Amino acid sequence: MKQFVLFNNKGGVGKTTFIQHLGYALERHGRKVLFIDADPQCNLTSYIFSEDDIARFWDSHQSIYNVLSPLISAEGDVKKELLPQQVPNRNIWVLPGDLLLSEFEEFLAERWVDVLAGRESGFRATSAIYRYIEHFTSANQIDYVLIDVGPNLGALNRAVLLGCDYFFVPMIPDMFSLRGLSNIGTTFVKWV
């Protein structure tokens, strides 16, 4: 299993559209694909599912936020029993996004101090998405995990990027994309 993230500090460069098309192309070539919508804007989820489906996922507590919420409330760890949604008749699963994911980002920002101090609580929080992915992909023989993130250098993206195997930086030919690329390089070195 390989984890990929498409990321740029600049929005509007086609990250979400590209990652969706990449996942469907991989599935057409016989691979099993897991999408993780780690962008609180939930665009990947809305590209794949109808609004009625998304409302049902949120009402039944079946989103990325619900997987992570026990950490935020200090009531436990990642809810590994919450399964991603399978796209009908496809070898594609999606862990739906949720606007409430912003709460987890705030939580992660606070836990980074614990990481720097070498405390387990910080590592447990920062590795939460990675550990959920590892659990699901091992149990379901997933070939590729494609993670959609927002265009920022916040704590949530830091946790996702530090846990992935590869990340790609899609760009458009403008000065903002180039500036975003420079930002990513400088920031990523600090994170590591």
Side-chain angles (χ1 to χ4, degrees), residues 1-7 15-49 53-54 56-58 60-72 76-98 100-101 104-105 107-108 111 115 120 122-150 155-170 188 191-192:
M1 177 274 302
K2 295 291 183 196
Q3 294 185 46
F4 295 90
V5 178
L6 270 71
F7 175 69
K15 296 180 306 293
T16 303
T17 303
F18 184 80
I19 206 163
Q20 179 197 8
H21 288 295
L22 176 61
Y24 275 78
L26 289 167
E27 190 262 351
R28 277 194 297 277
H29 284 9
R31 304 295 190 255
K32 290 183 173 181
V33 176
L34 170 63
F35 286 114
I36 304 290
D37 193 346
D39 182 354
Q41 295 180 45
C42 310
N43 289 327
L44 180 62
T45 301
S46 67
Y47 287 174
I48 297 172
F49 296 108
D53 287 336
I54 297 168
R56 185 172 33 85
F57 302 152
W58 290 348
S60 61
H61 307 286
Q62 297 287 318
S63 74
I64 189 170
Y65 172 77
N66 303 113
V67 165
L68 302 167
S69 63
L71 287 163
I72 300 168
D77 199 6
V78 176
K79 286 187 180 177
K80 293 178 181 174
E81 68 277 6
L82 290 182
L83 301 178
Q85 304 299 315
Q86 187 169 7
V87 176
N89 305 312
R90 305 303 293 254
N91 278 323
I92 295 175
W93 289 261
V94 180
L95 184 58
D98 196 319
L100 298 176
L101 191 57
F104 187 66
E105 178 143 27
F107 174 78
L108 281 174
R111 297 287 77 76
V115 169
E120 179 190 349
F123 290 105
R124 198 161 24 95
T126 302
S127 67
I129 294 171
Y130 174 81
R131 291 182 296 111
Y132 177 83
I133 290 169
E134 284 289 311
H135 174 76
F136 182 78
T137 57
S138 295
N140 295 280
Q141 295 79 45
I142 300 295
D143 299 301
Y144 293 98
V145 178
L146 303 174
I147 307 171
D148 191 34
V149 295
L156 178 59
N157 287 354
R158 176 177 54 215
V160 170
L161 288 164
L162 290 175
C164 73
D165 295 306
Y166 306 98
F167 72 91
F168 299 93
V169 183
F188 202 80
W191 290 346
V192 172

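This one's a predicted model, so the numbers in the text were calculated from it and none came from an experiment.
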Problem set entry | salt bridge (Lys or Arg N to Asp or Glu O under 4.0 Å) between Lys15 and Asp39, intermediate numbers included | CA-CA 11 Å; Lys15 296 180 306 293; Asp39 182 354; over 6 Å; no
Problem set entry | Derivation and outcome, side-chain contact (heavy atoms from CB on, under 4.5 Å), residues Phe168 and Phe18 | CA-CA 11 Å; Phe168 299 93; Phe18 184 80; over 6 Å; no
For this session: Just do the side-chain contact (heavy atoms from CB on, under 4.5 Å) check on Tyr65 and Ile72 with the steps written out, would you?
Result: CA-CA 10 Å; Tyr65 172 77; Ile72 300 168; 3.7 Å; yes
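In this structure, Tyr24 contributes its side chain and Ile92 its backbone to no donor-acceptor pair below 3.5 Å. Looking only at distances, no side-chain donor or acceptor of Thr126 sits under 3.5 Å from a matching main-chain atom of Phe123. Not one N or O on the side chain of Trp93 forms a donor-acceptor pair closer than 3.5 Å with the backbone of Ile36.
In this structure, Gln141 CD and Asn91 CG are separated by 11.0 Å, a value rounded to the nearest 0.5 Å. To the nearest 0.5 angstrom, Ile64 atom CD1 is 7.0 Å from Leu156 atom CG. Atom CG of Asn157 sits about 10.5 Å away from atom CG of Leu162, to the nearest 0.5 Å. Going from atom CD of Gln86 over to atom CG of Leu34 covers 11.0 Å, rounded to the nearest 0.5 Å.
The side-chain heavy atoms of Gln3 and Glu134, taken from C-beta on, include a pair separated by under 4.5 Å. Contact check for Leu95 versus Val67: side-chain heavy atoms found under the 4.5 Å cut-off. Annotation: side chain of Asp148 is not in contact with side chain of Phe35 (no heavy-atom distance under 4.5 Å). Using a 4.5 Å cut-off on side-chain heavy atoms (C-beta onward), Pro96 and Ile54 make no contact. Considering only heavy atoms from C-beta on, Asp77 comes within 4.5 Å of Arg124 through its side chain.
More than 12 non-hydrogen atoms from other residues, nucleotides or ligands lie less than 6.0 angstrom from CZ of Phe4. Shown here is Glu81, whose CD atom has more than 12 heavy atoms of other residues, nucleotides or ligands within 6.0 Å.
Classified by interplanar angle (parallel below 30°, tilted 30° to 60°, perpendicular above 60°), the ring pair Phe7/Phe167 is perpendicular.
A side-chain donor-acceptor contact under 3.5 Å links Asp37 and Thr45. Side chains of Ser63 and Asn66: a donor on one and an acceptor on the other come within 3.5 Å.
A pairwise comparison of heavy atoms in Val87 and Phe49 identifies CG2-CZ, 4.3 Å as the closest pair.
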